[in-house]
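Have a look at the structure below, then the notes.
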Amino acid sequence: MMKMLLLILCCVLGVSADSQHKDIRITGCSDLDGEDMFGLDGEELWYADFSKGEGVDGTPPFIDPVTFEGFYSTAVTNLQICKSNMDVVRKGNKDMPPETVAPTSPVIYTKEEVQLSQQNTLICFVTGFYPAPVNVSWTRNGEHVTQGTSINVPYPNKEGTFTQISRLAFVPQQGDIYSCRVQHPALSGLDTRMWSERDYYCCYYYCYYCYRSLLSLICCYYYYCCYLNTDRQAETGRQAGRQADRQADRQTDRQTDRQTDRQAGRQTGRQTDRQTDRQTDRQTGRQTGRQTDRQTGRQTDRQTGRQTDRQTGS
């Protein structure tokens with residue numbers, strides 16, 4: 001039986017004189033999983049990892065530390081409330097089949113241009129599904145791979161579906177074949193997409209033999225199936241990746257600007273403190289010198305007066 005997911009979305013718009021920022025809070029649950037996430041401008045600030053029993057801080061290490069004290073315990077409480085509410089809704093709608101939307105065909109592509117024996121990242125882009133999450137697994141030459149894999153928490157789309165991106169750090173080698181397998185309640189089985197370094201070069205080999213043997217029909221067929229279709233899928237994924245990278249770059253630029261401003265403020269403050277200390281020292285020295293001169297003058301006058309009085313008396 002399909003599972004039902006209940007979501008509560010809360011969005012708060014914060015407007016300032018310089019820019020507009022969008023905060024988002026997502027809480028949700030299913031029979032097998034739950035979600036509690038805070039985001040800012042399309043980036044994850046914090047989310048609860050219920051499988052590990054801890055909260056995950058998504059902020060980069062180079063910004064000022066942000067504390068999320070007590071957030072995970074609150075997330076656990078919200079998860080229990082959500083599942084309780086889900087049972088109530090399920091009993092009230094026992095004759096209503098749960099809604100599920102299957103994800104579109106996943107797109108698998110590389111982050112960088114492929115160079116053999118050079119570190120790269122395979123990206124599996126999955127979108128358009130409901131409820132969340134999807135399960136994404138990787139294989140290399142038919143063997144299951146877990147090392148170097150990661151996946152973000154589900155992020156909502158405008159139409160109410162979700163998007164998730166899974167990544168695999170790898171070193172491309174000649175002949176290796178990778179696959180991204182997607183599992184979701186709305187799918188009857190695994191939706192698998194394959195990737196190989198040969199995908200980038202096969203069209204050129206076919207065209208070479210096409211010119212040699214004049215098999216133009218076969219050449220055009222393979223050119224379309226092997227190159228154009230692969231390139232279109234990769235370009236679709238790259239566009240989504242570029243958009244995510246732009247958001248990350250914007251956030252990084254904002255954080256870098258804040259750090260630069262803080263450092264500049266600290267340097268300016270130090271210079272100001274030094275100048276103030278110098279001026280204070282000068283003023284203090286002058287005042288001290290004047291007081292010393294006055295006291296010395298008075299003592300000298302007294303001594304001179306006494307000697308004069310003595311001489312006059314004599």
Handout entry: Neighbour count above 12 (heavy atom, 6.0 Å) for Gln174 CD
Key = no

Exercise for the section: Taking atom CD of Gln119 as the centre, report whether more than 12 heavy atoms of other residues, nucleotides or ligands fall under 6.0 Å from it. Expected result: yes

Exercise for the section: Determine the minimum heavy-atom distance between Leu45 and Asp57, stating which atoms define it. Expected result: O-OD1, 3.4 Å

Exercise for the section: Determine the minimum heavy-atom distance between Cys82 and Gly28, stating which atoms define it. Expected result: SG-C, 3.9 Å

Side chains of [X] and [Y]: donor-acceptor distance under 3.5 Å anywhere?
X: Asp36; Y: Thr27; answer: no
X: Glu159; Y: Thr161; answer: yes
X: Trp138; Y: Ser166; answer: yes
X: Ser105; Y: Arg193; answer: yes

Exercise for the section: Check the hydrophobic clustering (I, L, V, M, F, W, Y; side-chain heavy atoms under 4.5 Å; chains of links allowed) and say if Ile26 and Ile81 are grouped together. Expected result: no

Handout entry: Test side chain to side chain contact (heavy atoms under 4.5 Å, CB included) applied to His144 and Thr146, step by step
Key = CA-CA 7 Å; His144 189 62; Thr146 57; 3.6 Å; yes

Hey, is the main chain of [Y] close enough, under 3.5 Å, to the side chain of [X] for a donor-acceptor pair?
X: Asn141; Y: Ile177; value: yes
X: Thr77; Y: Ser73; value: yes
X: His184; Y: Gly189; value: no
X: Gln164; Y: Asn152; value: yes
X: Thr110; Y: Glu112; value: yes
X: Gln118; Y: Pro172; value: no

Handout entry: Parallel, tilted or perpendicular, as decided by the 30° and 60° cut-offs, for the rings of Tyr130 and Phe162
Key = parallel

Could you state the interatomic distance from [atom1] ([X]) to [atom2] ([Y]), rounded to the nearest 0.5 Å?
X: Ile165; Y: Ser150; atom1: CD1; atom2: OG; answer: 10.0 Å
X: Cys29; Y: Asn78; atom1: SG; atom2: CG; answer: 10.0 Å
X: Leu190; Y: Ser137; atom1: CG; atom2: OG; answer: 6.5 Å
X: Leu79; Y: Thr74; atom1: CG; atom2: OG1; answer: 12.5 Å
X: Phe125; Y: Cys180; atom1: CZ; atom2: SG; answer: 12.0 Å
X: Asn120; Y: Leu168; atom1: CG; atom2: CG; answer: 10.0 Å

Exercise for the section: Let me see the working for Thr139 and Arg181 under side chain to side chain contact (heavy atoms under 4.5 Å, CB included), right down to the final yes or no. Expected result: CA-CA 8 Å; Thr139 66; Arg181 298 180 177 180; 3.9 Å; yes

With a 4.5 Å cut-off on side-chain heavy atoms, are [Y] and [X] touching?
X: Val107; Y: Cys124; value: no
X: Thr127; Y: Pro103; value: no
X: Phe129; Y: Val182; value: no
X: Asp23; Y: Arg25; value: no

Exercise for the section: Compute the ring centroids of Tyr72 and Trp46, then answer whether they are less than 6.0 Å apart. Expected result: no

Handout entry: Ring centers of Phe71, Phe38 separated by less than 6.0 Å
Key = yes

Practice task
In sequence, state the C-alpha distance, the side-chain angles, and the governing distance for Met37 and Tyr155, and then conclude on side chain to side chain contact (heavy atoms under 4.5 Å, CB included).
Solution key: CA-CA 10 Å; Met37 185 270 282; Tyr155 201 84; 4.0 Å; yes

Handout entry: Steps toward side chain to side chain contact (heavy atoms under 4.5 Å, CB included) verdict (Glu44, Val153)
Key = CA-CA 8 Å; Glu44 298 170 359; Val153 298; 2.7 Å; yes

Handout entry: Partners meeting side-chain contact (heavy atoms from CB on, under 4.5 Å) with Gln173 (sequence neighbours left out)
Key = Ser117, Val171, Asp176

